[in-house]
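We name chains A, B, ... by the order of the sequence lines, and we start the count at 1 in each one.
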Protein chains: 2
Amino acid sequence: MARRGSYAKGIAKREEILNAALDIVARAGYSRATVRELAQAVGLSQTGLLHYFGSKEQLFVEILRRRDEVDQHVFGAVDDEGRPALTDLPGAVTSLVRHNAEVPGLVQLYARFSSEAAEPGHPAHAYFRDRYETARSAAAASIVEHQAAGTLPAGLDPDRLAVILFALLDGLQTQWMYNPEIDMAEQLGYFWELLSSKTDEGDDSGPASSSAGSAAEG
Amino acid sequence: MARRGSYAKGIAKREEILNAALDIVARAGYSRATVRELAQAVGLSQTGLLHYFGSKEQLFVEILRRRDEVDQHVFGAVDDEGRPALTDLPGAVTSLVRHNAEVPGLVQLYARFSSEAAEPGHPAHAYFRDRYETARSAAAASIVEHQAAGTLPAGLDPDRLAVILFALLDGLQTQWMYNPEIDMAEQLGYFWELLSSKTDEGDDSGPASSSAGSAAEG
DNA sequence: GTCTATATATTGATAGAC
DNA sequence: GTCTATCAATATATAGAC
């Protein structure tokens, strides 16, 4: 849109920074993920980088957002126009998990930053809260579709299953960081297996505790 | 054992510090969990506290160890002599989770510290690695017993289920920190339900990826 | 054993020049 | 937009007195 010197370039530079940061973090991990290091990696001074993202927290949030966007396109949660796509949920999630095992630094960034931001006053608290909300909501919707299509047992509770799914993803990553021999994809596959072999009964008593969704997971 | 001035007192003081710290962290959370704050809370100077635990990391590890011991006794993973007890695993874990919801600060400490220590070089890395190993091992053993007793389907793979169980516990806590309305115990109950309604078939293909165990979980 | 004082290190943030 | 320089805020760790 806007040419003439400034606006467009600023956006481009932001993109460049984000992509580079994503790359560095993926390899070097969280400890190297200081504003200075990241800045230097893209040939900027600390101040230069902070010019684009007011604070470290905002920078990190943008990095994670960026990553989500990429993952969502790669693993088919959204189509080329960015609209939610109806894909094979188990397959997509498993692919995602397999991909995550290739970028340990990002897994670490996600784990650390999300646990730091769990503190209610943290600048990135809302980001994660909303992200979980959205992800659960999308996953639950996807589960419903699978049930309609007969690819997941109708007896499953979409909302609760969505919570469990993302809990599992996060938790697997933690254990994997301590023992890379743990095969996240394999474990996840077993989980789907457990679900599928569930006897197909109607609904049950307990009230669902939250909403549902289908974004990518860190 | 040893009387005469020093040794015994040192141990007692350590205990006192640990218990107090546990209490403070449970209420105040991780941000207040600086060596200084903890020291002051037990009427010591920062140096005074560090005299008992060489570093912050060691202190935190001891706090978590302490907590595990307490939890294991309360929730029956070990008997009064400290030997592994054969108890109702689903029940014990659910009780534990319910208890954790009462001590948000500890959940936070666990989440943050365990994600920090995930970095391979971290002083507490080995502690968590071993803890997960032990916990999985004990849980898997417990699952086997339940299967023998007919309280869990024989078709379940103990090793993989143990990984999934602890992943679920960790992950639920994360989501719960961002949205306390998420009922961890309820979610866990649903998970057990899913398992129990599993059609009771024999074993299957996939190789198990890790070992098993039955300690408490943060 | 416990304290005071201090060293040390890190890092995020700001002021202001170019 | 980008840099240099500098601040300021923590926090942990250590030295050494009492």
Return the value, rounded to whole Å, for the distance between atom CD of B/Q40 and atom P of D/dA11.
-> 12 Å
Roughly how many Å is it from CG in A/L44 to C1' in D/dT4, rounded to a whole number?
-> 14 Å
Nearest whole angstrom, please: distance from the C1' of C/dG1 to the NZ of B/K9.
-> 7 Å
Send over the distance from B/R14 CZ to C/dG1 P, rounded to a whole Å.
-> 12 Å
Could you tell me whether the side chain of B/N179 and the main chain of B/Q175 form a donor-acceptor pair under 3.5 Å?
-> no
Compare all side-chain heavy atoms of A/V25 with those of A/Y110 and state whether any distance is below 4.5 angstrom.
-> no
Protein-nucleotide distance (A/F53, atom CZ; D/dT2, atom C1'), rounded to Å | 15 Å
Sub-6.0 Å ring centroid separation between A/F113 and A/H122 | yes
Rounded to whole angstroms, how far apart are CG on B/L59 and P on D/dA13?
-> 10 Å
Roughly, in whole Å, what's the span from CD in A/E16 to P in D/dG1?
-> 13 Å
Given protein heavy atoms under 4.0 Å, the one-letter contact record of nucleotides 5-18 of chain C, with B base, S sugar-phosphate only and - none, is simply B-----BBBBB---
Between C/dT2 atom P and B/L49 atom CG, what is the distance in whole Å?
-> 10 Å
Would you say the side chain of B/D88 lies within less than 4.5 Å of the side chain of B/H146, judging by non-hydrogen atoms?
-> yes
Nearest 0.5 Å please: distance from the OH atom of A/Y127 over to the CD atom of A/E62.
-> 8.5 Å
With the side chain counted from C-beta on, respond yes when A/F191 and A/L172 share a heavy-atom pair under 4.5 Å apart, and no when they do not.
-> no
